[in-house]
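What follows is a set of notes on a single structure, which appears directly below.
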Amino acid sequence: MPSKSKSEWQKSTLEPALKRSPERQERFDISSGIEINTLYTPEDIDQLNYSESLSYPGEYPFTRGVQPTMYRGRLWTMRQYSGYASAEESNRRYRYLLEQGQTGLSVAFDLPTQIGYDSDHHLARGEVGKVGVPIDTLEDMEALFQGIPLDKVSTSMTINSTAPILLAMYIAVARKQGADVVKLDGTIQNDILKEYIARGTHIFSPRPSMRLTTDIFAYCSKHIPRWNTISISGYHMREAGASAAQEMAFTLANGVAYVQAATNAGLDVDAFAGRLSFFFDSHNNLFEEVAKFRAARRLWAKIMEKRFGAKDARSCMLRFHTQTAGCSLTAQQPYNNIIRTTIQALAAILGGTQSLHTNSYDEAYATPGEEAVTVALRTQQLIAYESGVIDTVDPLGGSYLLESLTERMEEEARQYIDKIDALGGALAAIEQGYQQREIQESSYRYQKDVESVRRTVVGVNKFISPSPKISGLIRVDPEEERKQKERLARAKRNRDQAKVTAALNNLAEVARDTENTMPAFLECVEAYATVGEICDTLRSVFGVQREFLVF
Amino acid sequence: MARARIRVLVAKPGLDGHDRGAKIIARALRDAGMEIIYTGIRQTPEMIAEVALQEDVDVVGLSILSGAHLELFPLIMEQLKQKGVDGVIVIAGGIIPEEDFPALYHMGIKAIFGPGTPTQQIVDYINKVMAEKAKS
């Protein structure tokens, strides 16, 4: 006779079976510290109220997705992040990717550009063009987008401290192309809080940085309404070692801080909240990741409605970009990384992502080569066109495990957010080192688990075999740095210095005052002021912020 | 003169903020009984050499993931030499392609530990070279 309940099954069928042969592990855990049980049944989700907790796609709280038809209507944007040693080379790569069927651009900038040093600054030595494209003046930006009509593509720019400058350059290039600026579509990362926590490209102290962020919200809502003004990012915290629950919780807590800052600055929540976007990691544990994405959507919707009184459904919609987990890639047996990336991409798609970057298998060695990038893009196309997982909305919805896990993830995140609120909010918590410490603990625990083989990493601590040599690694010629410096010197010679000085002086004045800084940034970049000059001007007004070091 | 504890500076030269590895190494070495000085991200060659001198370290561990190692490591080795601390053992880790190893060994870097290296292997390495140094 079949059992009538889970407890009856446990007694009559499971326990005798366990006596005969125990399970492989005492506990099955996921990164978020949640224990996974042997079996999930309707009893695990009997508290779930369908219309309140899940509802229908395209409707509050958006657990099942932000669009009513999801990928039946339009596929996610396949967006590979890249940037090469020079603007021209990057431009060639962007055109190549667009020809290959990529549907959006994603610009990687080099570190000096991200941290506000010109290519000829002594701190930029060795770094120019290494992890992305160097941009010193508007001239570089013009070369970067040469022949790419900016009102016809959507462009994501991973830029934070210097986001207003690069956004101003993007607008300036669009103007020069004669494009309709109102139609510009894209995203800037513009998420300074996670820089202090994990990514480390901050320049200025936190409060003026938050003002620059909200200035962008206000400016874009008026002038480029389709621009995603921020990409509130969990990715880098996860890469630094956070668990899935921590990633989601710290990201949403940062989101709360931005919304609070903007409403404190007098903005109406529904005027800007619809343009907030998010960026998450996707790691190997498929169900944990899918649950994370769904829980994040539900929790954010509730936060926006209950905490901030958002009235527009769009303000409650958590739209997100996903990148597969760079930290999961191994230098050992690198072709295994293609499989890891496939599982992670699948999780992002089953979780309802709006855009996706799939990592290349060679990234534990260098920035990816062309063949590796193509395989990564093909991975997405294969899932889209061959697997069939996109034929219905939220295909895993209703799974006893997934729904139960979605609830648990939401609860975990809620507890973290309560804790951060009690510390005085995300920024105050960062200043106290709270998130940094939590992430470091998780990161170290993970490492210990790998080294003790409590956690298996195929090819690293089990199933070890000699690795094939990877060929075609990208190498940046040091000559590129010299060429970029020359280019910068030339741009400086050719500009009207009086105009530059006036624009920088005006920026300093505006920065000291309270009016919106964006028009002043535009004036600076259109006068061909350099990223370094603009940042130095702000450094003198805002002060700089060292790392909130926790060790 | 041998002292009770091996002193290690874990340093991140250049501008990249990827400090997960550096912090794990620092903590693992500390758990293994070494004294660790970790100064955070964005350290210049001058700063690294200065700390190595001031803190009188035995080992300098460099972590870099931006690809700027071939430019920055020679500057660091040069600075260490100038400050008279070129006796320290310099080791490195991060995203460093294997084909760059010979150039790095040539400039005096003693060992390079790539992604996936168990921390115990690094602990063992440091203990071994320090023991050899004490004998000689």
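Proteins come first, then strands; the chains are lettered A, B, ... in the order of their sequence lines, and each starts at number 1.
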Given Ser66(B), Pro97(B), Gly94(B), the one with more heavy-atom pairs under 4.5 angstrom with chain A than any other is Ser66(B)

With only heavy atoms counted, which part of Gln121(B) is less than 4.5 Å from chain A, the side chain, the backbone, both or neither? neither

Interface residue of largest heavy-atom contact number with chain B, from Arg199(A), Arg475(A), His236(A), Glu481(A), under 4.5 Å: Arg475(A)

Given a strict heavy-atom distance threshold of 4.5 Å, which part of [X] is in contact with chain B: side chain, backbone, both, or neither?
X	result
Val457(A)	neither
Leu123(A)	both
Gln114(A)	neither

Rounded to the nearest 0.5 Å, how far apart are [atom1] of [X] and [atom2] of [Y]?
X	Y	atom1	atom2	result
Gln447(A)	Arg20(B)	CD	CZ	7.5 Å
Lys130(A)	Leu65(B)	NZ	CG	13.5 Å
Arg546(A)	Ile41(B)	CZ	CD1	9.5 Å

Heavy-atom closest pair (Arg42(B) atom, Gly200(A) atom, distance to 0.1 Å) is NH2-O, 3.0 Å

Is there a donor-acceptor pair closer than 3.5 Å between any side-chain N or O of Gln332(A) and the backbone N or O of Pro115(B)? yes

When only heavy atoms count and the cut-off is under 4.5 Å, which of residues 434-445 of chain A reach chain B? Gln440(A), Glu441(A), Ser443(A), Tyr444(A)

Under a 4.0 Å threshold between the charged nitrogen and the carboxylate oxygen, would Arg125(A) count as salt-bridged to Glu46(B)? yes

[Y] side chain reached by [X] side chain, heavy atoms, under 4.5 Å:
X	Y	answer
Pro112(A)	Leu15(B)	yes
Ile24(B)	Tyr446(A)	no
Tyr365(A)	Glu99(B)	no

Can you tell me if Thr119(B) and Glu451(A) form a side-chain donor-acceptor pair at under 3.5 Å? yes

Counting neighbours of NZ on Lys81(B) that are heavy atoms of other residues, nucleotides or ligands and sit closer than 6.0 Å, is the number greater than 12? no

If you draw a 6.0 Å radius around NZ in Lys83(B), do more than 12 non-hydrogen atoms from other residues or ligands fall strictly inside? yes

Applying the side chain to side chain contact (heavy atoms under 4.5 Å, CB included) test to Asp16(B), which of Thr201(A), Val131(A), Leu111(A) qualifies? Leu111(A)

